[in-house]
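To find a chain, count down the sequence lines: A is the first, B the second, and so on, and within it residues start at 1.
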Amino acid sequence: MALLDIRNLSIDIDTAQGKIRVIDKASLNIVDGSIHGLIGESGSGKTLITKAILGLHNSNWTVTADRMFLGKTDLSKLTHKERRQILGKEISVIFQEPSSYLDPSQKIRVQIESVLPKKTWKQRFRLILTKIKKVNVQSRRLQIKELLHKVGIQNDVAVLNCFPHQLSEGVCQKVMIAMAIANSPRLIIADEPTTAMEAVTQSQIFRLLYKLNQLNNTTLLILSNNFANTSNISDYMTLVYCGQTVESGSYKQIMGSAMHPYTQSMLKTLINNVQFNEHKAQLYTLPGNIPSSNQLPIGCRLGPRCPRAQKICVENPTLTTKKGHSFRCHYPTKVS
Amino acid sequence: MRLICLLFFITTLSGCYQNKALTQNTLIYCTESLPTSFNPQISHDIASLDATTHQIYSRLVTIDPKTNKFIPDLAESWQRSDDKLRYRFTLRHNISFHQTEFFKPTRFLNADDVLFSFNRMLNVQDAYHKVNKQTENYFYNHPFTDLLSEINKIDDYTVEFVLSKPDVTLLANLAAHYAVIHSKQYADQLIEQGLQENIDFQPIGTGPFKFKSFDSNGTIRYKKHPLYWQSMTNIENLIYFTNPSATKRYTKLLSGECDAISYPAASQLETISKNKNITLNSKSTANIALWAFNTERPILEHNQVRQALSQAIDKKTILQAVYFRSAIQTDTLLSKQSWALKPRFEEDLYDPEKARQNLTLLNYDFSKTLTILLPDSSDVFNPNFHKTAELIQANLNDIGIKTDIINLSGAALKARLRSGDYDTYLTGINVHIDDPDSIFRPLLSCNSSAESGNSSHWCSPKVQVLLDQSITESNFAQRIKNYYQIQDEVYKQRPYLPIAHVLRLDAISKSILNVEVNPLTGINFQNAIKQDLN
Amino acid sequence: MLSFLLRRLNLLLITALILTIIAFATDRIVSVNSETVVNSNGYIKQYFAYLWQIMNGDLGYSSVDNQSLLERGLIFFASTLELCFTALIFSSIIAIPLGLLAGLFRNTRLDYAIMTIAIMGLALPVFWVGVMAVLLPSVWGQVLPVDGNLSLIYEVPVVTGFLLIDTLMVTEQYELFAFIDRVAHLILPALVLSFFLITEIVRLTRHSMTMVMRSNYIQAAYAKGFSRTKIVFAHALKNALPPIIPQLRLQLSTIISFAMTIEIVFNLNGIGKWLFISLKTGDYLVLPAGILIISGFILSFSIFIEILMVVISPLRRGSLYADK
Amino acid sequence: MLINNGFNEDKIQSPLGYIWSIFKTKTIAVVAMWLMIVLIIISLFAPWFVPHSPLAQNPDSMLLPPYWVEGGNTNHILGTDDLGRDSLSRLFHGLQLTLGGALIITLLVGIIGMLIGAAAALTKGVKASVLHHLLDALLAIPTLLSALILITIFGPSYTNCLIAISLSLLPQFIRSSFLAIEQELSKQYIVAIQLDGATKTRLFRYGILPNILEPTVTIINRLFTMAIIEIATLGFLGFGAQLPQTELGSLIASSMELIYLSPWLVTFPGIAIFAVIIIVNVFSEGLRHAVLEGEE
């Protein structure tokens with residue numbers, strides 16, 4: 001069953017040079033309980049898609065979508081208040097460079113406390129009682145401690161009393177994850193959670209995310225520009241190029257029978273890493289550069305770089321779906 | 001919204017910020033400049049007189065403002081001897097000096113105090129004669145020196161003035177501002193304390209108000225003298241405040257922070273006269289605004305040149321633009337009130353065409369730039385020197401003479417005057433005594449320096465002789481004749497171009513009654529009464 | 001902490017020394033102008049003598065009324081500070097909310113309206129506003145005083161030099177009237193000074209708020225489902241307001257500069273008027289005294305603010321350990 | 001709906017061109033720019049514009065009100081002063097002195113300050129720290145005070161007033177440009193240029209200068225605003241332009257006593273100063289926004 005179902009999501013941004021369509025008919029289908037990788041080069045619009053999902057877009061954006069459902073709720077029709085009910089409770093987000101996403105003026109303890117479910121009046125009353133009589137109630141402190149232990153922070157007291165700038169990126173990310181899972185959401189979106197981290201920390205974080213998925217059955221959407229890294233833990237993958245979702249499918253479908261030339265080129269880079277090339281041979285890349293956002297080609301945006309491009313590619317190809325494996329290409333070919 | 005709240009707050013606060021109970025018995029007089037001292041014997045500027053003569057001190061005799069007759073003040077009565085050389089004054093009893101923080105009198109006023117007050121000026125041997133370096137002051141001992149031979153104490157309440165020759169001006173002199181009576185006891189106390197200088201700065205007198213404090217920000221505080229022998233006012237506190245800006249003074253009068261102001265700006269007269277809450281008090285004075293020609297400059301050496309230049313000046317416009325209604329156009333040094341004024345057909349000289357012709361005839365060098373020197377700040381006799389200079393500049397420009405306006409202040413101005421490095425100078429003179437000599441001597445005497453008045457550097461032996469003769473001349477008719485001669489000479493030689501005789505102006509709130517202004521001796525709050533207008 | 005204090009103190013000392021050199025040079029030059037000092041000693045010797053004088057709290061005596069320049073200067077400066085302080089409070093109350101709103105609703109009509117008001121505040125020449133205020137009594141009547149420190153009715157002895165405090169000390173005699181009078185006298189000048197301050201504070205607050213609202217942790221807070229109000233009050237304010245203080249500190253000398261002009265226009269007995277009047281009467285020795293008093297204050301106040309910021313702001317505490 | 005129809009064949013705009021294209025969309029800023037140009041032209045060519053000589057007295061028409069007020073006439077649009085001189089002409093001449101002076105100061109201080117600021121930012125060691133402390137000390141002296149000191153030393157005149165204001169604003173400008181440059185220096189691409197072995201001048205010219213456009217606009221605007229205010233203030237206090245010169249501040253001072261009789265004489269110069277500052281600020285604010293948006 002699809003937890004998140006997005007079809008033909010488009011985002012237009014107003015700039016001084018007119019409207020620019022940064023996301024062009026992106027579709028995303030996330031299966032409940034799975035890990036879904038959203039993979040694309042930097043600037044391909046991954047973050048924009050998540051912002052649109054969360055509803056955190058600026059006023060000069062125009063977001064249109066045929067369908068945008070989280071479970072049974074239509075995300076595109078939420079009021080501000082309803083959206084706030086979902087954010088943090090049903091969808092949580094983890095960002096890259098976590099230390100900048102933590103309020104620098106507040107201690108970690110305060111920040112974690114603020115995301116915990118709101119106290120009821122009864123609890124507040126008890127809290128006051130604790131202060132007066134030192135009654136031993138199950139305090140939030142314990143709750144926080146548990147959370148931190150869950151994400152693998154052992155010296156919780158020390159961390160709680162720190163300001164974000166006193167902690168390393170890895171710990172910050174763990175804190176972020178702790179805050180994300182505090183309300184046991186159904187979907188966690190991880191926006192390049194390991195960028196700019198050391199390799200050891202990276203794998204720690206990935207393991208942690210994997211564990212969360214396995215133990216709590218939390219659905220994960222992992223955004224990444226690293227095909228190799230992400231593909232390992234993803235059940236499903238979607239590839240994005242210049243704001244267009246080019247291909248999406250299960251791990252097996254993508255790795256085994258990729259239909260889109262862009263996916264194939266990505267795979268080639270991956271395979272080339274595994275199988276040793278000839279001595280001094282060139283590593284594989286697609287020819288050309290990623291176009292800048294105000295110089296986007298029409299139709300299939302891979303067009304100018306695509307080895308199979310033809311005249312018809314100036315029109316946007318329709319989405320083809322086979323057994324959950326979908327792609328947009330005029331000339332799909334399976335490469336053995 | 002916030003702004004409205006703010007405005008509301010301001011109005012409520014300001015509505016009550018002035019406390020009626022405190023303002024009721026306080027009179028605030030806002031003046032133009034600070035007094036130089038608190039002794040009219042040594043300071044003759046109008047600010048010092050306003051602050052002292054009538055407020056702190058009393059004199060033996062005064063002049064009744066209505067009848068212009070001499071009336072007794074501290075002296076109960078006086079008799080003149082038959083040879084007209086001796087005047088015997090009987091002093092009033094039970095006159096007490098001010099009791100202040102710095103002096104507690106133990107006796108009433110007596111003859112010693114009178115003797116001390118005059119001897120300080122006259123007797124070179126007196127311990128106080130040289131205190132505060134006032135011997136250099138031109139006016140200091142002048143009026144009496146030649147007049148009095150001695151002053152004798154007959155008994156504690158009788159004093160005899162002996163004249164060197166018969167002279168009718170004694171009473172006038174005794175009513176003048178410099179004839180105030182000091183306390184001998186206070187002077188002795190100061191000698192003991194070694195603080196002789198204080199006599200002129202922490203004054204003790206017998207006047208209606210006693211000195212309380214003075215700070216250099218320009219505030220002088222007086223308190224009512226409770227033992228004053230004459231009728232009392234309802235004013236407990238008299239405060240003088242100095243602000244050189246006429247606009248500011250008028251604003252404070254409007255905002256109720258001043259009850260009376262001196263010298264409102266000429267430009268405000270129209271507005272003031274329209275204001276129903278303000279009385280405008282104007283008195284004609286002998287104060288005169290002048291344009292001095294430096295006669296030592298080769299280009300101005302010739303009196304015909306000076307005459308021609310005078311002809312080029314449009315005084316009417318100056319009167320209009322600078323003085324508005326606060327002065328009377330004049331062509332003589334003496335004011336119309338003066339007894340020595342030689343009646344002459346008042347002619348407006350202004351004729352630029354003729355001026356140019358005359359100058360051309362005199363081979364005047366038009367290529368030379370004339371300098372007009374002027375003080376930086378305004379003065380009693382000229383509210384705006386610079387504007388006057390600009391008008392003169394325009395007038396001279398019309399006849400083809402280029403001019404340079406040089407604006408200097410304080411020490412720099414004095415130095416320039418001393419050096420004589422100027423062609424013309426915008427100046428004027430403040431007259432303190434109703435006597436032609438007080439105008440002629442500083443302006444015309446060869447002994448007078450440019451700083452002390454003779455900025456024309458003009459020295460005529462003939463005039464000098466006349467001047468010196470006139471002081472000692474006992475024949476009044478002869479004296480007048482002498483002064484006529486001097487005026488003729490001045491008119492011919494034109495070391496100065498007289499511009500205007502200035503009015504003394506005070507704007508007084510309608511809530512204050514009975515303020516008397518004497519253009520010579522200063523303002524008088526002795527009988528002033530403050531009433532509640534509401 | 002100690003090493004941080006020492007380092008700051010060291011900086012203060014060097015800068016203060018440079019200031020004394022400037023003051024000394026001014027002193028020499030103006031002394032030459034007024035032709036009073038003939039000194040055959042070398043400049044270095046003279047300088048050390050001067051320094052010694054300053055250390056003993058002797059800034060010389062007025063050539064006009066022979067009063068101690070330090071004493072007079074400090075009393076006048078207290079009045080200036082009072083004006084600045086009142087204006088600061090006044091403008092903070094108005095400008096901080098405006099700045100926050102402008103930053104929050106950046107590039108909206110509200111923002112443009114606020115910024116227009118702010119620019120106007122800077123563009124109004126203070127002395128001109130002061131001159132125009134002279135017209136007020138003729139329109140309003142006896143509503144607000146437009147001139148002077150305090151009504152002359154009240155005689156307030158100088159205790160602290162701060163009239164607001166001194167007037168409170170004479171309540172026995174005048175009840176609260178003297179204090180109210182002082183406040184009334186401060187309103188107009190403080191209002192005029194606030195024009196400039198409001199501009200500055202609105203700009204700084206707006207910029208700071210914009211920066212904070214753009215920052216990642218605010219995005220994160222949105223993603224956590226917090227309401228806008230909660231985000232502004234819980235996260236944005238706490239991060240947006242502290243940076244304004246050191247920024248405002250940099251404006252301190254400009255503020256005092258404006259305050260000095262206002263004093264001259266409104267005839268307030270502050271350091272500006274003191275310097276102005278003294279210069280007009282040829283008492284040039286006030287200049288070095290003025291430099292030392294004003295700049296000395298600005299310097300020590302800056303250091304004080306810096307230490308204060310380190311104490312109250314967690315982000316800056318890093319600078320305790322190393323210069324970043 | 002497809003927005004980008006057809007391959008975009010336009011040339012990529014140069015950064016300056018891009019900023020200009022953004023700036024053009026801001027109507028108010030463009031209006032302010034034209035007004036500024038008009039003002040500058042007026043201040044440069046004031047003598048050719050004015051209907052009367054600013055010093056020509058006319059005893060027959062003294063203290064005329066502006067023409068729209070009863071008693072005024074169209075010969076003197078803004079009325080006349082107490083010597084019958086035309087207010088408008090004096091205002092134009094005042095603009096010449098005030099605005100022109102401010103422009104000169106801005107230009108002078110801008111160039112010198114930028115060079116010193118760059119030198120301070122790019123050098124290290126004794127030179128920089130001496131400069132630093134000196135700046136700290138100079139910055140602690142309020143501009144009005146330092147202007148007063150310099151004028152006391154040199155004597156009051158318009159030229160001296162300009163010199164004094166330049167010198168008193170210089171430390172502020174050096175400090176701001178220094179901060180802007182230093183902030184830029186810490187960025188990665190500067191390191192890249194440095195690693196390329198660029199000389200200091202090259203680094204400054206190609207690495208820093210194009211990237212500090214936004215702070216430069218701000219501080220130059222501030223410099224200009226302060227210069228105008230200072231010139232007018234000193235003129236008003238009598239330390240700047242001397243009387244026959246019609247600097248706006250001294251115009252206000254000399255008409256102060258006439259405020260009850262003819263308030264226009266005080267009002268117009270003040271409004272002129274106000275307008276000049278507003279126009280310049282709106283222009284620079286628009287420019288700054290354009291630069292900012294261009295960089296985004």
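Neither the backbone nor the side chain of Leu135(D) comes within contact range of chain C; no heavy atom of the residue lies under 4.5 Å from a heavy atom of that chain. For Leu134(D), the parts sitting under 4.5 Å from any heavy atom of chain C are the backbone and the side chain alike. Using a 4.5 Å cut-off between heavy atoms, Thr267(D) contacts chain C through both its backbone and its side chain.
Panel note: side chain Trp128(C), backbone Val266(D); a donor-acceptor pair is recorded below 3.5 Å. In this structure, Ser253(C) contributes its side chain and Ile141(D) its backbone to no donor-acceptor pair below 3.5 Å.
In the model, Thr261(C) has no side-chain atom that pairs as donor or acceptor with a side-chain atom of Thr233(D) under 3.5 Å.
For the options Ile229(D), Leu237(D), Val276(D), Asp136(D), heavy-atom pairs under 4.5 Å to chain C are most numerous at Leu237(D).
Between Phe236(D) and Phe127(C), the ring planes are parallel. Angles under 30° get that label, and only those over 60° would be called perpendicular.
Separating the CG atom in Leu287(C) from the CG atom in Leu145(D) is a distance of 6.5 Å, to the nearest 0.5 Å. The CD1 atom of Ile28(D) lies 7.0 Å from the OG1 atom of Thr116(C); values are rounded to the nearest 0.5 Å. We find the CG-OG1 distance between Leu122(C) and Thr225(D) to be 5.5 Å, quoted to the nearest 0.5 Å. Considering CD of Gln172(D) and OG1 of Thr254(C), their distance stands at 4.5 Å, rounded to 0.5 Å.
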